[in-house]
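To start, the structure itself, in structure tokens.
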Amino acid sequence: MVRALLPRWLPRWLVVAALLAALVLLADRGVIPLLAWTRRVFPVERLPLMFALYFAGYLAARRVSAQRRPQVLLALSLVLAAVFSVPFLLLSLAWLGLYHRVLYAPVWHGAKVLFVAATFAAWMLACHVPLAPRFHAAHPALLVWGYVFAAGFAFRIVWVLHQARMASAPPPLRDFLLYFLFAPFFLVLPYMFAIPRLDRFRDGLIERDPEVEASGVRMLASSLALGVALFAFTTYVWSPRHAFEAALRAGRLGEAALAGLAYYPGEVTAIAVSGSGILIGLVRILGIALAPSFDRPLAARSITEWWQRWNTHFRDVLVDLFWYPVMLRLRRRPYLSIWAGCGSVFLAGSVLLHWVAKPPFHHGSLTALPVGIACESAVMTVVVGLAMTRAQWRKRRGLAPRASSPLHVALARLGTYALVFATVVGAGYGATYVATVRPFEQLTPLLAEARELVVAGRLQEAAGKLAGQAQALRALADEEPLAPLRQSAAALALALPSPARDLSAAAAYLALARTYGDPLVPVHQLWFATAETLLKRESSHDATR
């Protein structure tokens with residue numbers, strides 16, 4: 001389609017250059033976020049250099065022989081990683097070299113699992129901000145490195161661990177390093193959007209496949225167009241998410257239900273397809289035949305079909321690691337195997353991998369538990385288990401599939417959307433709100449009143465307002481150390497003259513709020529300024545005494 005709109009004499013490299021330039025420009029304007037369910041880990045000002053290097057590596061890889069191609073791609077990947085962070089690159093190279101030796105050593109497989117578990121435990125402790133808040137406020141790069149390791153490496157670490165257990169041949173260290181440090185994965189953290197298998201990845205290193213490259217160009221162009229159209233629609237026409245939230249706050253449940261379905265799965269699917277398409281396109285342009293992450297999920301007619309179509313890379317990991325082992329062990333008991341398999345996939349695999357790969361590093365705290373994912377996974381276990389049990393029951397009785405008229409198909413899809421919305425937004429997002437957001441919201445009026453009293457100089461009354469809440473605010477701040485609103489609120493409570501006063505902790509919370517603060521959040525600024533003034537006053541009083 002892309003080539004059909006362009007003159008045949010226009011070289012492909014020029015089309016790639018134009019698409020990359022458009023991508024950089026749109027990312028700089030905030031139109032294309034270049035995120036994979038992740039947060040940005042480097043300033044957007046660095047994008048032009050990184051994409052220019054990517055393009056130079058792409059040109060070089062097209063012109064060298066098949067034998068030299070992996071070396072060129074590895075050099076490109078190392079340069080991009082160095083532009084991101086030289087210390088992180090050196091740390092990654094050292095760990096990957098050690099992991100390669102451990103993974104393919106003739107030792108008990110459990111020792112390899114323990115090595116991976118120890119690595120993640122060490123990273124989690126290093127990135128647990130409450131252990132050393134002042135250090136993290138002064139050195140935020142450590143948390144960024146941990147986040148990149150988890151969101152960028154975690155699923156590939158699991159893949160190669162599984163393949164090593166299956167006795168696959170060890171790859172050369174060069175290919176192993178390239179697999180983890182592959183160039184586009186520093187432009188866009190892959191997280192769950194791109195989880196290539198090592199063997200298939202290596203196949204793409206051998207020689208150029210013009211059709212794979214061409215499909216990457218088409219995918220990048222179409223995903224870019226979808227992202228622009230989505231941004232224009234939600235910005236200037238109608239935002240389903242904002243409409244859903246506004247209707248829900250106003251208590252208009254009917255309107256909230258309609259807007260909610262347009263938001264999830266509608267808007268969220270478009271965002272995910274666009275973001276993943278950009279990343280997969282960047283991978284395929286370099287000749288690696290990585291399949292799309294989504295297989296038209298809005299075409300699903302049932303919850304099981306939705307699961308098969310949604311985020312297929314992550315699903316493949318769950319199926320290979322958690323579904324097949326259970327199904328093989330219980331293959332003579334079909335109904336039990338279905339429920340045990342669903343429990344293994346959703347309650348064990350999905351919750352574990354979601355938590356290990358993101359929350360501790362995204363929030364900077366080990367107490368940031370995946371409550372929403374756990375509730376969503378529990379509901380998915382039930383609904384997918386029921387759907388598969390029903391399908392198995394019909395199959396065992398030889399019942400023919402029901403006729404599918406256009407009306408039946410439309411109703412089936414609408415029902416699937418409603419079930420997905422209820423599972424993800426109702427159970428998942430709802431549980432997250434109740435467990436982590438609502439407790440802080442309930443304290444917001446007290447914090448506002450206490451601030452007014454502090455400004456008026458009535459410190460004892462302000463302390464009375466927050467009497468008994470200091471420890472709760474402290475716990476909420478430790479749960480999300482990167483949330484400046486919570487940090488400044490805890491600092492305000494701990495700086496007041498009360499039995500819970502802790503000026504040292506208040507200063508540490510303020511330092512975190514200062515490091516991760518956003519000047520566009522006025523409430524945070526009010527609380528921060530008030531807490532900072534109060535802390536200085538109380539510190540000077542203590543010094544005078």
Side-chain angles (χ1 to χ4, degrees), residues 35-39 120 124 127-129 147 150-151 154-155 189 191-193 240-242 244-245 247-249 256-257 259-269 271-272 275 293-294 297 303 306-307 310-311 314-315 317-318 322 342-385 416-443 472 475-483 485-486:
L35 302 175
W37 292 328
T38 55
R39 57 186 173 87
F120 275 94
M124 288 177 180
C127 294
H128 184 56
V129 175
Y147 186 69
F155 292 111
L189 285 183
Y191 187 41
M192 294 183 178
F193 274 3
R241 176 184 176 180
H242 294 159
F244 166 67
E245 292 174 349
L248 195 63
R249 283 193 297 266
L261 291 180
Y263 160 55
Y264 206 115
E267 181 182 358
V268 171
T269 298
I271 293 172
S293 304
F294 298 88
I303 192 66
W306 173 274
W307 183 54
W310 178 264
N311 201 3
F314 183 54
R315 179 185 174 277
V317 173
L318 292 177
F322 297 94
C342 287
S344 177
V345 165
F346 295 112
L347 294 177
S350 183
V351 173
L352 175 64
L353 294 180
H354 270 92
W355 183 71
V356 167
K358 194 174 181 183
F361 304 97
H362 186 81
H363 297 287
S365 174
L366 287 170
T367 60
L369 301 176
V371 177
I373 288 296
C375 291
E376 176 187 329
S377 297
V379 175
M380 282 292 287
T381 299
V382 173
V383 296
V384 174
T416 300
Y417 301 161
L419 192 54
V420 168
F421 174 81
T423 302
V424 178
V425 179
Y429 294 3
T432 299
Y433 171 78
V434 170
T436 64
V437 179
R438 188 178 179 185
F440 186 74
E441 285 186 347
Q442 290 175 331
L443 295 175
L476 289 170
D478 289 344
E479 185 179 65
E480 292 194 22
L482 310 188
L485 199 62
R486 297 191 179 202

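Bear in mind the structure is a predicted one, so any value in this text is a computation, not a measurement. Start at 1 with the first residue, then count along the sequence.
Ser377 approaches Ser350 most closely through the heavy-atom pair OG-OG, 3.8 Å. For the pair Thr381 and Cys342, the tightest heavy-atom approach, listed with the atom from each and the gap, is OG1-O, 3.8 Å. Taking each heavy atom of Gly275 and Phe193 in turn, the nearest pair found is C-CE2, 3.8 Å. Closest approach of Pro481 to Gly364, counting heavy atoms only: CG-O, 3.3 Å. Across all their heavy atoms, Gly349 and Leu318 have their closest contact at C-CD2, 3.6 Å. What you find for Thr38 and Tyr147 is that their closest heavy atoms are CA-OH, 3.2 Å.
For Ser344 (side chain) and Phe322 (main-chain N/O), a donor-acceptor pair under 3.5 Å exists by modelled atom type. His362 contributes no side-chain N or O that, together with a main-chain N or O of Lys358, makes up a donor-acceptor pair within less than 3.5 Å. Proximity of a side-chain donor or acceptor of Thr423 to a complementary backbone N or O of Val379 within less than 3.5 Å is not detected. Glu480 places no side-chain N or O within 3.5 Å of a backbone atom of Arg486 that could act as its donor or acceptor partner.
Counting only heavy atoms from C-beta outward, the side chains of Val424 and Val268 never approach each other to under 4.5 Å. When side chains are defined from C-beta on, Val356 counts as touching Met124, because their heavy atoms get closer than 4.5 Å. Side chains of Val351 and Phe346 form no contact here, defined as non-hydrogen atoms less than 4.5 Å apart. Side-chain contact between Val434 and Val371 is absent, with no heavy atoms from C-beta onward closer than 4.5 Å.
In this structure, the separation between CG on Leu482 and CZ on Phe361 is 12.5 Å, given to the nearest 0.5 Å. Taking CH2 of Trp310 as the reference point, atom CD1 of Ile303 lies at 11.5 Å (rounded to 0.5 Å). Interatomic distance, CH2 of Trp306 versus OH of Tyr417, reported as 7.5 Å (0.5 Å rounding). One distance of note links CZ of Phe244 with CG of Leu261; it measures 9.5 Å at 0.5 Å rounding. Annotation: the span from His363 atom NE2 to Asp478 atom CG amounts to 14.0 Å, rounded to 0.5 Å. Separation of atoms OG1 (Thr432) and CD1 (Ile373) is listed at 7.5 Å; rounding is to 0.5 Å.
Between Phe155 and Phe314, the ring planes lie perpendicular to each other; the angle is over 60°, past the 30° to 60° tilted range. Classification of the Tyr264-Tyr429 ring pair by plane angle, with boundaries at 30° and 60°, yields perpendicular.
Glu245 and Tyr263 share no donor-acceptor pair across their side chains, judged by distance under 3.5 Å alone.
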